[in-house]
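The next block holds one structure in the form of structure tokens; read it before the comments.
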Amino acid sequence: MKILRLPKEKLDFFAAVVQQFGEVHAPVKQNGKYAFRRLSRWSDACLNYDRTILPPKKYFLPPREAMFAYRSGKGYVPVVDGLDKRLILFGVHACDVFGLNVLDAVFAGKYPDPYYQTRRRNIAIIGVDCASDEHCFCRSMRADFVDRGFDLFLFDIGDYYFVTVGTALGDDMVLATGSLFEKVTQADIDEYKRRSQSKRAAFRLEVEIRDLPEIFEMEYHNEVWNELGAKCLSCGSCSMICPTCYCYDVADDVEFGAVDGVRNRVWDTCLFYGHALVAGGENFRKSRGSRIKFRYYHKQRGFVAEYGRPSCVGCGRCITSCPVNIDITKVIDQLRGVHNAASSQSRDLTARPEA
Ligand code: SF4
Ligand code: SF4
């Protein structure tokens, strides 16, 4: 692993140089929130942000994409528009890089997905460290630090960024800048350790994930699932904005004449009524309670059994986006029987954490 430092006043110059490696996208402010967008000028980039509305997942698994077309007389016609486009995502937080590493396990593992894998090869990641707010619990989910999945990662140490080079492409970006990057000193390393320790200590929200799959196993019939089912609107927001929710539906757009068409995939979620609806009209998860329960069990228990860790990275998006304020950390606390109020059974699952 190579570690260098970049003077902060040279960041603009570095951003200009990396444009030769692809179209630069970064978080920009949008109606008081943040979203990854193509930059028209570097000054629009906001590297000091809390969280983007949608995670970088949208670049690798677009909300809607054509997989292939079929044409009379030609048969199968591949659709590869945009797949080979080189992009640079500048300013990705550690938890979102971790989210991509989780998606890698799904889309680049046992069942390789060529669409996802091609994009992953063509989209570079420049990560940046961040400060936690009252909804972040990535430290609890062991996702506040990443050691892979990015090309470069920038950590603020005052007058410099402490830069970890993650790939050969990241190294090429460094080399393309000439002598912009410098060797780190012992003082830089000490400052990095001091700041990373104080960032870890600053987390206000914590959940305990040790033995959580076992707790889920034991609490399958807990009343919390009925309470959640009564509150949840099945709107799907918590899933759409989640960096590690990856379900999609496949449907054809058939043209007039029913011969030619395009096969698309679109984001789907286990929270929607139709997700577990099968031929013959049977639905395995008719109730809202069973659907939200399924989502929690898949992320915190099923994924652990299959991939060795929960798929949740603790980004806090589902907490901030739920219209009825269902809070995953409070659900976990209630299942654990954590008493932050007079009685865990009487705790309000929708109450906001104190700022
Ligand atoms: S479940 Fe919620 S906190 Fe966890 S990764 Fe998904 S959106 Fe983020
Ligand atoms: S965002 Fe809230 S209301 Fe909507 S599906 Fe998720 S838990 Fe239910």
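Order of appearance sets the numbers: ligands from 1, and atoms from 1 within every ligand. This chain uses plain numbering: 1 for the first residue, then up along the sequence. Values reported hereafter were calculated over all heavy atoms of this structure, with side chains retained and with hydrogens, waters and symmetry mates removed.
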Verdict with supporting geometry, His93 and Phe98, ring pair (Phe, Tyr, Trp, His ring centres under 6.0 Å): CA-CA 9 Å; His93 286 168; Phe98 214 111; over 10 Å; no

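- Looking at Arg295 against ligand 1, only its side chain comes within 4.0 Å, counting heavy atoms.
- Residues Phe181 and Phe14 bring their aromatic ring centres within 6.0 Å.
- Looking only at heavy atoms of the protein, atom 6 (Fe) of ligand 2 is closest to Cys238 SG, 2.3 Å.
- The protein atom (non-hydrogen) at minimum distance from atom 2 (Fe) of ligand 2 is Cys322 SG, 2.4 Å.
- Looking at Lys299 against ligand 1, only its side chain comes within 4.0 Å, counting heavy atoms.
- Within ligand 1, the atoms closer than 4.0 Å to a non-hydrogen atom of Cys318 are 1 (S), 2 (Fe), 3 (S), 7 (S), numbered from 1 in the order shown.
- Here the protein heavy atom with the shortest distance to atom 5 (S) of ligand 2 is Gly236 N, 3.3 Å.
- Close contacts between ligand 2 and Val324 involve ligand atoms 3 (S) [criterion: under 4.0 Å to a heavy atom].
- Between Phe90 and the choices Leu11, Ile125, Leu152, the side-chain contact (heavy atoms from CB on, under 4.5 Å) rule is met once, by Leu11.
- Arg204 and Asp133 are not joined by a salt bridge, as no carboxylate oxygen comes within less than 4.0 angstrom of a charged side-chain nitrogen.
- Cys242 lies close to atom 6 (Fe) of ligand 1, since one of its N, O or S atoms is found at a distance under 2.8 Å.
- Closest to atom 3 (S) of ligand 2 among all protein heavy atoms lies Leu233 N, 3.2 Å.
- In terms of protein heavy-atom proximity, atom 8 (Fe) of ligand 1 is nearest to Cys315 SG, 2.4 Å.
- Close contacts between ligand 1 and Phe137 involve ligand atoms 3 (S) [criterion: under 4.0 Å to a heavy atom].
- A donor-acceptor pair shorter than 3.5 Å cannot be found between the side chains of Asp252 and Asn264.
- Side-chain contact annotation: Thr167 with Asp151, donor-acceptor N/O pair under 3.5 Å present.
- In summary, of the residues considered (Lys57, Arg317, Arg51), a salt bridge (Lys or Arg N to Asp or Glu O under 4.0 Å) with Asp96 occurs for Arg317 alone.
- Ligand 2 has Pro323 within reach: a non-hydrogen atom of the residue lies less than 4.0 Å from it.
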Stepwise ring pair (Phe, Tyr, Trp, His ring centres under 6.0 Å) test for Phe155 and Phe162: CA-CA 5 Å; Phe155 188 97; Phe162 194 81; 7.1 Å; no

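- Heavy atoms of Ile292 found under 4.0 angstrom from ligand 2 belong exclusively to the side chain.
- Side-chain rings of Phe216 and Tyr297 approach one another, their centers coming within less than 6.0 Å.
- Of all protein heavy atoms, the one closest to atom 4 (Fe) of ligand 2 is Cys235 SG, 2.3 Å.
- The aromatic rings of Phe36 and Tyr49 sit perpendicular to each other, their planes meeting at more than 60°, with 30° as the lower class boundary.
- Ion pairing between Glu23 and Arg86 fails under the 4.0 Å rule for side-chain N and carboxylate O.
- Every atom of ligand 1 is numbered from 1 in the order shown, and the set under 4.0 Å from a heavy atom of Val313 is 4 (Fe), 5 (S).
- Annotation for ligand 2: atoms under 4.0 Å from non-hydrogen atoms of Leu271 are 5 (S).
- Heavy-atom contacts of Cys312 reach the following atoms of ligand 1: 1 (S), 3 (S), 4 (Fe), 5 (S) (cutoff under 4.0 Å).
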